[in-house]
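All remarks here apply to the structure that follows.
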Protein chains: 2
Amino acid sequence: MTTIEDVAKLTGYSRATVSRVINNYPYVSEEKRRKVLQAMEQLGYVPNSIARQLRTRINETIGVLIPRLSNPFFSKLVDSMESIAAENGFQVIVCQTRSEKSRELLYLNWLKTRQMGGVIMASSENDWDVIKEYRAFGPIIFCNEYPPHTEAPIICLDQHKGGYIGTKHLIERGHTKIAHCYAGSQFTNIRERFTGQKQALEECGLELREEWIFKDAYDTQDGRRIYYEMMALENRPDGVFTSSDEVALGILAEARKNHTKVPEELAVLGFDDQPIAELVYPSISTVHQPVEKMGKAAIELMISLLKGEREPRQQVIELPLHLVIREST
Amino acid sequence: MTTIEDVAKLTGYSRATVSRVINNYPYVSEEKRRKVLQAMEQLGYVPNSIARQLRTRINETIGVLIPRLSNPFFSKLVDSMESIAAENGFQVIVCQTRSEKSRELLYLNWLKTRQMGGVIMASSENDWDVIKEYRAFGPIIFCNEYPPHTEAPIICLDQHKGGYIGTKHLIERGHTKIAHCYAGSQFTNIRERFTGQKQALEECGLELREEWIFKDAYDTQDGRRIYYEMMALENRPDGVFTSSDEVALGILAEARKNHTKVPEELAVLGFDDQPIAELVYPSISTVHQPVEKMGKAAIELMISLLKGEREPRQQVIELPLHLVIREST
DNA sequence: AATAACTTTGAAAACGATTTCACTAATGGT
DNA sequence: ACCATTAGTGAAATCGTTTTCAAAGTTATT
């Protein structure tokens, strides 16, 4: 492996001079610069980023914490983040917490060990009091989901509005008994979809029965289960606000199998607006989340924090959601 | 930030002794070990992995090259890899080449700069002659796709068989005019699906017309386009072997819209067996790829290479494919 | 002509760990 | 009682960079 020393030896100059050329410092004579560059070329020299990181304490890897990559919402999010990171010479490390507190902490620990320079939390299981201790080792920002009392930069979506406009739409279509599905922690901001739904219902004088609230709604399989749970009820809902397009898809698959008429007997509203939403039959009405924009905003903020162009300060950047009406409602 | 020096000072021992405790070396008295551990705890000391990497030359980050993460096949693949990597204390860096040669090289260059210890190529655009130069900087293995003449460990699937059994199935269902879709490079092993299809057709005395071969079939949008291209033909195919479930989905979406009877008028065979394949209507017959197993095998091999437990040698580990019959054929 | 202000350079000190080496102390086998 | 081995320890070298510092050379300013 060739080092800066080899380049120095070949040219006859010092390591310092070579380093100055590499880093484009001023105060290097044109002749030396030329010769150094030529020697680097000749030797196929490339700086060792590990040594550089040790000396400069600048770390250009960003950890992105998500529940799992096979969830399309998150793979899309990481996709958009990685694209921009790479453009800027930054690296993205995938950290799948599988929604486990302990795994989340394990990854945060990589901040301590300097394996990553900063962390973007796109899901969060631990309380802010626990997470905040890690800030000492690098910037932490939240993207999409965050726990209460978070004092850190936050990029998120207006979940309350999502719950509100979705429910309002179901009501306008004539549905009155509207179920709610939620996934994961009840304690993060995602929960505001629920308050949004409640507000919409209250404004129209409709009730939300306890038995119409379904938890642990993560994926298609959960959607299938929830379909049967709904159908088993004495007082069945005639509309359902789901926590993701996948849950909606699971419900719709079972509805078709059991000849439940959609949307007449059961209107199903998705969340996310994933590509499949418009491809399946019936296509899924859903709340569109601007995933790409959110990822872009988060990674750009992180990059400027790592470059030291900005100080992390508590701020909430909220991106808009909108409704996409298709066949399932 | 606390360093090993701080721990040494607090305990009164040397850095060497502290290092021995950290790395569980023998030849440290029980008493000192205890005291060092206690001091580490007290100071909240965590070793700096950058410094460690510089000295030991052991790099525990693995780059995974894929076209894009939002393709479910690849997000699933990276998912399975990351899970096992994390268990072993390794990190996974996502590298989205977007199927561009130049981006692939950019990422491979991170091997030179020591930003990653090894590379798993799950897609490959460049020729082996170009890629092989990078082996000097760390192990490179191929997973799923590889260029001709590759002399490196390869984990892959029996693509030829995939093409063969898929086509055989379509023929058995009574279809005789079977189109083929392919994505990406014509020069990697993925292309063997085509030879598999040809073999099956030849065995049954069927022809494959030039106009039935569709290229650039990556996603749903391409599927839609291909549907119309097929329907525009004088001599329409009555079955199509697609390059992925997503392409199949695109074709099926347009078929429904245009009242083309599936599978009678047009049988559609997917590839991958993604979760959506069984959820949509009609559900998609497809060739199941054991993505998880493949990812596991690749990452485990890479980890043992990086640990120095094995030498990289040219070998091909081929995992089996099988057919899943549903409604679209 | 003297002084100030830049340019240009290399030696050496970081960065924070691991590892080699030399040394001493303790133990075991004869 | 001797030698050989094993345990236990710390000083110093090392990994490959960047950066500080001092010094020397050059140009500009008075």
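Distance CG (B/Leu54) to C1' (D/dA13): 13 Å, rounded to an integer number of Å. For the pair A/Glu30 CD and C/dT9 C1', the computed distance is 16 Å after rounding to whole Å. Going from atom CG of A/Asn48 over to atom C1' of D/dT18 covers 13 Å, rounded to whole Å. Whole-Å rounding puts the B/Ile50 CD1 to D/dC15 C1' distance at 13 Å. Between A/Arg52 atom CZ and D/dT18 atom C1' the separation is 9 Å, expressed in whole Å. Between the CZ atom of B/Arg55 and the C1' atom of C/dT18 there is a distance of 5 Å, given to the nearest Å. What separates CG of A/Asn59 from P of D/dT17 is a distance of 17 Å, to the nearest Å. Across the protein-nucleic acid pair, B/Glu5 atom CD and C/dA14 atom P stand 12 Å apart, rounded to whole Å.
At the heavy-atom level, A/Val46 lies under 4.0 Å from the strands shown only through sugar-phosphate atoms. When heavy atoms are screened at a 4.0 angstrom cut-off, A/Ser29 is found touching the sugar-phosphate backbone but no base atom. Among the protein residues, A/Arg57 comes within range of the sugar-phosphate backbone only, with heavy atoms under 4.0 Å from sugar or phosphate atoms but none that close to a base.
Ion pairing of B/Arg98 with A/Asp79 is present here, as a side-chain N (NZ or NE/NH1/NH2) and a carboxylate O approach within less than 4.0 Å.
Figure legend: A/Lys35 and A/Tyr13 shown without cation-pi pairing, the cationic atom not lying both under 6.0 angstrom from the six-membered ring centre and within 45 degrees of its axis.
Side-chain N/O atoms of B/Thr3 and B/Arg15 include no donor and acceptor closer than 3.5 Å. Donor-acceptor pairing under 3.5 Å is lacking for the side chains of A/Ser83 and A/Ser80. Remark: the B/Arg52 side chain and the B/Asn23 side chain contain an N/O donor-acceptor pair separated by less than 3.5 Å.
Taking 4.0 angstrom as the limit, B/Thr56 places none of its side-chain polar atoms (N or O) nearer than this to OP1 or OP2 of C/dT19. Residue B/Tyr27 places no side-chain N or O under 4.0 Å from the OP1 or OP2 atom of D/dG8. Here A/Tyr25 reaches the OP1 or OP2 of D/dT19: one of its side-chain N or O atoms lies under 4.0 Å away.
Between D/dG10, D/dT14, D/dT20, one nucleotide has an atom nearer to the side chain of B/Tyr13 than all others, and that is D/dG10. Between C/dA11, C/dA17, D/dT18, one nucleotide has an atom nearer to the side chain of A/Ser14 than all others, and that is C/dA11. Comparing C/dA17, D/dG16, C/dA11 against the side chain of B/Ile4 picks out C/dA17 as the nearest. Among D/dG16, C/dG10, D/dT18, the nucleotide with an atom closest to any side-chain atom of A/Asn23 is D/dT18.
Both A/Ala51 and B/Ser19 lie near DNA chain C, and the one whose nearest nucleotide falls closer to the 5' end is A/Ala51. In this structure, B/Thr17 and A/Val18 both approach DNA chain D, and ranking their closest nucleotides by distance from the 5' end singles out B/Thr17.
Side chains of A/Phe90 and A/Lys307 form a contact here, defined as non-hydrogen atoms less than 4.5 Å apart.
In terms of polar N and O atoms assigned as donor or acceptor, the side chain of A/Arg20 comes within less than 3.5 Å of the base of C/dG10 in a complementary pairing.
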